Engineer: 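Quick one: the structure is below, questions incoming.
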Amino acid sequence: FLLIHLFLISSVLTATADSTSENFVRCLSKKTDTSSSIRSIVYSPTNSSYTSVLEFSVQNLMFISSATPKPQFIITPTQESHIQAAVICSKKHGYLIRVRSGGHDYEGLSYISYKPFIVIDLVNFQDINVDIKGSTAWVQAGATVGQVYYRIAEQSSTHGFPAGVCTTMGVGGHIGGGGIGFLMRKYGLSADNILDAYFIDVNGKLLNRKSMGEDLFWAIRGGGGASFGVIVAWKIRLVPVPSIVTVFNVQKTLEQGATNLFYKWQNSAHKFHEDLFIRTVVQAVNGENGGRTIQVVFQSVFQGTVKELLPLMEESFPELGLAAKDCTEMSWINSTLNIAGLSGQPLEILLNRSQQSKGYFKGKSDFVTEAITPTDLESLWKFMLARDISPMLINEPLGGKMAEISVSAVPFPHRAGNLYNIQYFMPWGDDSATARSLEASRKLYDYMTPYVSKSPRGAYVNYKDLDLGVNQDINTGFMNASVWGEKYFKANFVKLACVKRKVDPENFFWNEQSIPPFQAKWIKKGKSGRQ
């Protein structure tokens, strides 16, 4: 009798799920333009293309396994009405939404949920319309950073856009989280250079800057658009770049004075001329004598010629000993290939949506407000060398334009007073190394606690890190969410939560690190106001 009872329950649940799924697809058909078949852009697990569509934009192999939650549907819209229908019908039938523009979310939150969900994959939203005369471009959210660079360069060798190094990132998420890169010391973040946007809200309405209002427009430029709705397109401001830039990559080991050079870099890079951007990459490597050592790579793009660069380096950073033989002149568009590790490749590789090779990785982040002393650096090197695996530290200088822009101009708050940001990047080759690689990443992050920003310890939302804290469910309150939210946004977290309350009060656009709607009771005195 018990077995029969369980079988009946299972049958009812399966029938209910099937009915919900079919009703969802019918809802989509009713809510979209009848001239196009909605079923051609909807993939369910029974569809033969489902797995390939799902995995195409998964950039981190840690999130491709049988244990990874899969969406009930993947929708690959070709027009705005498809997105609008997906939002309306998901609300009606109880599905959460994940929006994927490029698939680079460090924790997979653009295509993973532990509650029933669908994925809106913006792979077909790649249109880029460049207006060189007006120094602007409209860029759909599914376009990649590389595609943006390529389309600008098609029309001008003296225009660019300040965005990231990885060319396969989707601009929907990249700009939505801020967008740091090699031009930020001269022009600020990607988000600092957004003029307008198209956005679909929780009611399925298509809005632009004027109709959404300045508060929501502020929130989606660095506060993570996925907390508020669906970014459809950005209007970006193009920036001037010279016809010739100069790149160099100078490697130094401990035996070659890397410690003192890195200490000098910490104290100077944020004060360099805004045309000179030098980041450092620190990692443990095999030394010439068979032992292990620390290598620091000084990686730079200078907005000008070698002739202009060398005297500036002699004035600003003579200790590096930069010579003309270390430098290569090229166009700005070719420099984007160089820093992405794609030197020698044809420019058309920028149009690729998927990385040449995929692996497993974990990212974490920090901001540094005071230079780490040489003594403490030597202790850090010893800590890294004492372990068989350790993350690399990718350090990017701030200052320049970044220090001039107000901490509240957009939600990204890490401005004046910060010397540089750190990305702890831990890659590994196969799933068997996952546990110890994650442990190595967390141990180095813990070790760095005394040397980085405090109260709160800052983090960059595009290097999403669920170790910082998560929303346990849709009712997680502001105070609990502040554990991670203030690390990303500092005081701007309050305004973000207020915007969320206004535009999505029922918290439909929820994920493990989405902005919660603000409630006045959360600021009452005493513990009674906490949730």
Side-chain angles (χ1 to χ4, degrees), residues 14 17-90 93-105 108-127 140-144 146-147 167-173 200 226 230-232 349 351-360 431 511:
T14 301
D18 290 343
S19 176
T20 300
S21 296
E22 187 58 34
N23 288 338
F24 176 75
V25 175
R26 287 199 194 99
C27 178
L28 291 176
S29 298
K30 290 178 180 178
K31 296 293 183 181
T32 54
D33 184 353
T34 55
S35 65
S36 61
S37 173
I38 193 71
R39 291 182 184 271
S40 66
I41 60 161
V42 177
Y43 301 84
S44 70
T46 58
N47 187 293
S48 60
S49 300
Y50 173 86
T51 299
S52 61
V53 172
L54 176 63
E55 295 184 355
F56 176 74
S57 294
V58 175
Q59 308 296 343
N60 189 343
L61 296 184
M62 190 163 57
F63 303 120
I64 297 180
S65 75
S66 59
T68 304
K70 306 298 192 296
Q72 271 64 30
F73 295 97
I74 306 166
I75 300 173
T76 56
T78 58
Q79 56 195 49
E80 286 87 350
S81 66
H82 295 154
I83 304 174
Q84 292 171 292
V87 171
I88 293 168
C89 296
S90 294
H93 292 285
Y95 292 130
L96 293 180
I97 287 178
R98 296 292 181 262
V99 182
R100 183 165 71 177
S101 55
H104 283 264
D105 186 289
L109 297 188
S110 61
Y111 50 87
I112 291 174
S113 173
Y114 289 89
K115 304 177 188 298
F117 73 109
I118 70 162
V119 169
I120 298 176
D121 191 326
L122 298 176
V123 64
N124 294 318
F125 273 66
Q126 302 180 41
D127 287 352
Q140 287 190 320
T144 66
Q147 289 172 328
T167 59
T168 57
M169 292 184 296
V171 298
I200 292 173
V230 182
I231 303 294
V232 176
I349 199 170
L351 300 176
N352 288 359
R353 292 194 62 83
S354 189
Q355 299 180 78
Q356 290 182 305
S357 61
K358 295 182 181 182
Y360 299 77
D431 189 51
N511 64 52

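Values in this document were obtained by computation on a predicted structure and should not be read as measured data.
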Engineer: Mark yes or no for whether His93, through its side chain, and Cys89, through its backbone, hold a donor-acceptor pair below 3.5 Å.
Structural biologist: no
Engineer: Could you tell me which residues satisfy salt bridge (Lys or Arg N to Asp or Glu O under 4.0 Å) with Arg39, sequence neighbours excluded, listed by chain and number?
Structural biologist: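 Counting only residues at least two positions away or on another chain, Arg39 forms a salt bridge (Lys or Arg N to Asp or Glu O under 4.0 Å) with Glu22.
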Engineer: If we ignore hydrogens and angles and just use 3.5 Å, is the side chain of Lys358 paired with the main-chain N or O of Leu61 as donor and acceptor?
Structural biologist: no
Engineer: Under the 3.5 angstrom rule, does the side chain of Ser52 hit a backbone N or O of Ser49 as a donor-acceptor pair?
Structural biologist: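 Yes, because the side chain of Ser52 sits within donor-acceptor range (under 3.5 Å) of the backbone of Ser49.
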Engineer: Show the nearest heavy-atom pair for residues Val99 and Ser110, with the distance to one decimal.
Structural biologist: O-CB, 3.3 Å
Engineer: Nearest 0.5 Å, please: how far is CG in Leu96 from CD in Gln72?
Structural biologist: 9.5 Å
Engineer: Between atom CG of Asp105 and atom OG of Ser57, what is the distance when rounded to the nearest 0.5 Å?
Structural biologist: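 So the CG of Asp105 and the OG of Ser57 are separated by 12.5 Å.
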Engineer: Kindly state each residue pair satisfying ring pair (Phe, Tyr, Trp, His ring centres under 6.0 Å) with at least one member in residues 51-81, sequence neighbours excluded.
Structural biologist: Phe24-Phe73
Engineer: Decide side chain to side chain contact (heavy atoms under 4.5 Å, CB included) for Val53 and Val119; before the verdict, give the C-alpha distance in whole Å, the side-chain angles of both, and the deciding distance to 0.1 Å.
Structural biologist: CA-CA 11 Å; Val53 172; Val119 169; over 6 Å; no
Engineer: For Ser113 versus Pro69, what's the shortest heavy-atom pair and its separation?
Structural biologist: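 Shortest heavy-atom contact: O-CB, 3.0 Å.
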Engineer: Kindly write out the residues that satisfy side chain to side chain contact (heavy atoms under 4.5 Å, CB included) with Gln140, not counting sequence neighbours, or none if the list is empty.
Structural biologist: Phe125, Asp127, Ala233
Engineer: Taking all heavy atoms of Val171 and all of Ser101, pick out the closest pair and write down the distance.
Structural biologist: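 In terms of heavy atoms, the two residues are closest at N-OG, 4.5 Å.
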Engineer: To the nearest 0.5 Å, how far apart are NE2 in His104 and OG1 in Thr144?
Structural biologist: 8.5 Å
Engineer: Looking only at heavy atoms, what is the nearest atom pair of Pro77 and Asn124, with distance?
Structural biologist: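 Scanning both residues, the minimum pair turns out to be O-CB, 3.3 Å.
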Engineer: Do the side chains of Ile83 and Leu122 get nearer than 4.5 Å, heavy atoms only?
Structural biologist: yes
Engineer: Starting at CD1 of Ile118, measure out to CG of Leu28 and round the result to the nearest 0.5 Å.
Structural biologist: 7.0 Å
Engineer: Restricting to salt bridge (Lys or Arg N to Asp or Glu O under 4.0 Å), what partner residues turn up for Arg98, sequence neighbours left out?
Structural biologist: Glu512
Engineer: Ring pair (Phe, Tyr, Trp, His ring centres under 6.0 Å) with Phe117: which residues, sequence neighbours excluded?
Structural biologist: none
Engineer: Taking side chain to side chain contact (heavy atoms under 4.5 Å, CB included) as the test, write out the residues that go with Ser65, two or more places apart.
Structural biologist: Ala67, Thr68
Engineer: The criterion is side chain to side chain donor-acceptor pair (under 3.5 Å); which residues satisfy it with Thr46, sequence neighbours excluded?
Structural biologist: Ser44
Engineer: Return each pair, listed once, that meets salt bridge (charged side-chain N to carboxylate O under 4.0 Å, His left out) where at least one residue sits in residues 116-125; pairs must be two or more places apart or across chains.
Structural biologist: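 Sorted pair list: Arg100-Asp121.
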Engineer: Please round to the nearest 0.5 Å and tell me the distance separating atom CD1 of Ile41 and atom OG1 of Thr32.
Structural biologist: 7.0 Å
Engineer: Under the side chain to side chain donor-acceptor pair (under 3.5 Å) test, which residues partner Thr76, sequence neighbours left out?
Structural biologist: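 Not a single residue meets the side chain to side chain donor-acceptor pair (under 3.5 Å) criterion with Thr76.
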Engineer: Using 0.5 Å steps for rounding, measure from the CG atom of Asn47 to the CD1 atom of Ile74.
Structural biologist: 8.5 Å
Engineer: Distance-only, no hydrogens or angles: does the Gln59 side chain make a donor-acceptor pair with backbone N or O of Gly102 under 3.5 Å?
Structural biologist: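 Checked: pair present.
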Engineer: Go through the structure and list residues passing side chain to side chain contact (heavy atoms under 4.5 Å, CB included) with Asn352, not counting sequence neighbours.
Structural biologist: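 Partners of Asn352 by the side chain to side chain contact (heavy atoms under 4.5 Å, CB included) criterion, ordered by chain and then number, come out as Ile349.
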Engineer: For Leu351, which residues count as a side chain to side chain contact (heavy atoms under 4.5 Å, CB included) partner, sequence neighbours excluded?
Structural biologist: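 For Leu351, the residues satisfying side chain to side chain contact (heavy atoms under 4.5 Å, CB included) (neighbours in sequence not counted) are Gln147, Tyr150, Arg151.
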